[in-house]
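The structure appears below as structure tokens.
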Amino acid sequence: MAFAPILRRASAAKSLFSLSRPAVVSSPSVRSLQSGASGDDCRVPPPESPSSTAGYHVSSGGFMRGAVYREPNQPLTIEEFHIPRPKVNEILIKTKACGVCHSDLHVMKGEIPFASPCVIGHEITGEVVEHGPLTDHKIIKRFPIGSRVVGAFIMPCGTCSYCAKGHDDLCEDFFAYNRAKGTLYDGQTRLFLRHDDSPVYMYSMGGMAEYCVTPAHGLTPLPESLPYTESAILGCAVFTAYGAMAHAAEIRPGDSIAVIGIGGVGSSCLQIARAFGASDIIAVDVQDDKLQKAKTLGATHIVNAAKEDAVERIREITGGMGVDVAVEALGKPQTFMQCTLSVKDGGKAVMIGLSQAGSVGEVDINRLVRRKIKVIGSYGGRARQDLPKVVKLAESGIFNLSNAVSSKYKFEDAGKAFQDLNEGKIVSRGVVEIL
């Protein structure tokens, strides 16, 4: 989607994803914090009255910076916040790194409605700083102060009907509160601006900030052997790919697979498919640099859909049959159709790319019925069971983290990171370092 930058009134013009830069306030040390007290398409609710949460964040905390989205087609702004305070079974994290994802970009471009203003960012690594009051002792034991963690963007409540069955990816509270209202599961945000105490909403944990609060069920320990920066992508790009391969596609050794759209999630699908024993792994994109990169991530064949018919080429590679599994990782009606047409009889078309709200994909109904084609959506993995497995894949080297991250940015350059993502300049995944 092409669009022209919209400028905010300031002393100098800023591009669409540039950041305003207020005076920097140094963040408090971990020691000082420890001593302190302790559905995507839903209609966006009106902002809370600051008085409804007044006094909640007041503690011995301090202040931090976060990247704020306020309106579609307006620049991100770096703004100062009170250090957020965790509640029961929640954990305060000193953020070390946050991934740059198209889901945030969809929100920033107004393509997916979300409560605003909000702090974006939803795949993070960091250090445990504080536990909420009355937090379960097992959580405190698993995540002691100072421990290293990685956070999943789907933060399961652990108690709803879906979580009780192990389907964390369908957590009722996550969709009813965070995705629908921009809050955690008591209906309140944890973020309040420093200058006037006004509330700011949270996209997942609001990870593009120096500190963030997340429900403990969305975390898993991060080994010392894994770096903070590259490991941030484990919480969304790799987590989403794993969920799609394990639960939706149910990849088996010897299966053939086509991945359409080789961005951060699509490129992760290549590595996960290879780890699961897929044979023919076909990468489809329109950028040659992404396709060349795909060869290093497990692709056995590459197809440039701008230069040849992707469906015909996939069928040619598979002897006229089509693949066992096709994955759509872009979120476009055209690629949705390509995905369904690329699978063999009885095959699975797995949709993981988010699209502009209201977008509709077409499917050949007669072929769907007669040839037993399965079309299934997959939003992400299951945090409590899958995130530890994803970390193990990275720790063992089966998933190559360093090869999966192609761009790194400073926190002050978060706006440029999203501009690069919007312009297709990030070959696989970008990460903002907040060390």
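The structure presented is a predicted model; accordingly, all values stated were derived computationally and were not measured. For this chain, numbers begin at 1 and follow the sequence in order.
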So, [X] and [Y], do they make that salt bridge, N to O below 4.0 Å?
X    : Y    : answer
K372 : D345 : no
K96  : E210 : no
E224 : R148 : yes
R85  : E90  : no
K425 : E423 : yes
K348 : D324 : no
E395 : K392 : yes

Can you tell me if [X] uses its side chain to pair, donor with acceptor, with the backbone of [Y] under 3.5 Å?
X    : Y    : result
K374 : G346 : yes
N178 : L184 : no
T189 : L191 : yes
E123 : C236 : yes
S406 : I426 : no
R190 : Q188 : yes
S147 : V128 : no
E328 : G331 : yes
D285 : L291 : no
T240 : A237 : no

Go through the steps to decide whether E433 and T229 satisfy the test side chain to side chain donor-acceptor pair (under 3.5 Å), and finish with yes or no. CA-CA 6 Å; E433 297 179 304; T229 298; 2.8 Å; yes

Might you point out which heavy atoms bring [X] and [Y] nearest each other, and give the distance in Å?
X    : Y    : result
S103 : H122 : CB-CE1, 3.9 Å
R142 : L219 : NH1-O, 3.8 Å
A273 : M245 : CB-SD, 4.1 Å
A244 : S378 : CA-OG, 3.5 Å
M155 : F174 : N-CD1, 3.7 Å
A306 : V286 : N-CG1, 3.8 Å

Do [X] and [Y] have side chains that approach each other closer than 4.5 Å (heavy atoms only, starting at C-beta)?
X    : Y    : result
V119 : M202 : no
C98  : I434 : yes
V343 : I373 : yes
L401 : S231 : yes
I272 : L393 : yes
V375 : F336 : yes
P84  : L92  : yes
M351 : C339 : yes

Checking L193 against E79 for the side-chain contact (heavy atoms from CB on, under 4.5 Å) test, could you report, in this order, the C-alpha distance in whole Å, the side-chain angles of both residues, the deciding distance, and whether it holds? CA-CA 8 Å; L193 291 174; E79 303 186 31; 3.5 Å; yes

Measure from the ring center of Y379 to the ring center of F175 and say whether it is less than 6.0 Å. yes

Assess the pair Y162 and H167: is the distance between their ring centroids shorter than 6.0 Å? no

What distance do [X] atom [atom1] and [Y] atom [atom2] have between them, rounded to the nearest 0.5 Å?
X    : Y    : atom1 : atom2 : value
L297 : C269 : CG    : SG    : 11.5 Å
H217 : C163 : NE2   : SG    : 8.0 Å
E127 : Y228 : CD    : OH    : 5.0 Å
I376 : I352 : CD1   : CD1   : 12.0 Å
L105 : I112 : CG    : CD1   : 10.0 Å
T340 : E362 : OG1   : CD    : 9.5 Å

Please verify the inter-ring angle class for Y177 with Y185; under 30° counts as parallel, over 60° as perpendicular, anything in between as tilted. tilted

side-chain contact (heavy atoms from CB on, under 4.5 Å) partner of V391, the single match among V238, T220, D386: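 Output: one option passes, namely T220.
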
Does NZ or CZ of R65 fall inside the cone over F81's six-membered ring, less than 6.0 Å from its centre and within 45° of the axis?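 Output no; distance or angle outside limits.
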
Can a cation-pi geometry be assigned to R179 and Y203, taking NZ or CZ under 6.0 Å from the six-membered ring centre and within 45° of the ring axis? yes

Run K293 and N403 through side-chain contact (heavy atoms from CB on, under 4.5 Å) and show every step you take. CA-CA 9 Å; K293 180 76 170 182; N403 200 22; 2.8 Å; yes

Sequence neighbours excluded, the answer for ring-ring contact (aromatic ring centres under 6.0 Å, His included) partners of Y242 is F276

Going by the rule ring-ring contact (aromatic ring centres under 6.0 Å, His included), which residues pair with H102 if we only count those two or more places apart in sequence or in a different chain? none

For a side-chain contact (heavy atoms from CB on, under 4.5 Å) check, start with the C-alpha distance between I257 and I251, then their side-chain angles and the critical distance, and finish with the verdict. CA-CA 9 Å; I257 182 171; I251 289 288; 4.0 Å; yes

Only counting residues at least two apart or in another chain, list the ones meeting side-chain hydrogen bond (donor to acceptor under 3.5 Å, both in side chains) with D289. Q287

By side-chain hydrogen bond (donor to acceptor under 3.5 Å, both in side chains) - contacts of R252 (at least two apart): none

Full working for side-chain contact (heavy atoms from CB on, under 4.5 Å) between D104 and V100: CA-CA 8 Å; D104 295 301; V100 180; over 6 Å; no

Ignoring hydrogens and geometry beyond distance, is a side-chain donor-acceptor pair present between S407 and D420 at under 3.5 Å? no

Establish, from distance only, whether the side-chain atoms of Q356 and K109 form a donor-acceptor pair under 3.5 Å. no

Would one find more than 12 heavy atoms of other residues, nucleotides or ligands at under 6.0 Å from atom CZ of R367?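 Correct, the count exceeds 12.
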
Hey, could you give me each pair passing side-chain hydrogen bond (donor to acceptor under 3.5 Å, both in side chains) that has a residue in residues 263-276? Not counting sequence neighbours. none

Considering only residues two or more places apart or on different chains, which pairs with a residue in residues 306-322 satisfy side-chain hydrogen bond (donor to acceptor under 3.5 Å, both in side chains)? D288-K307, R313-E316

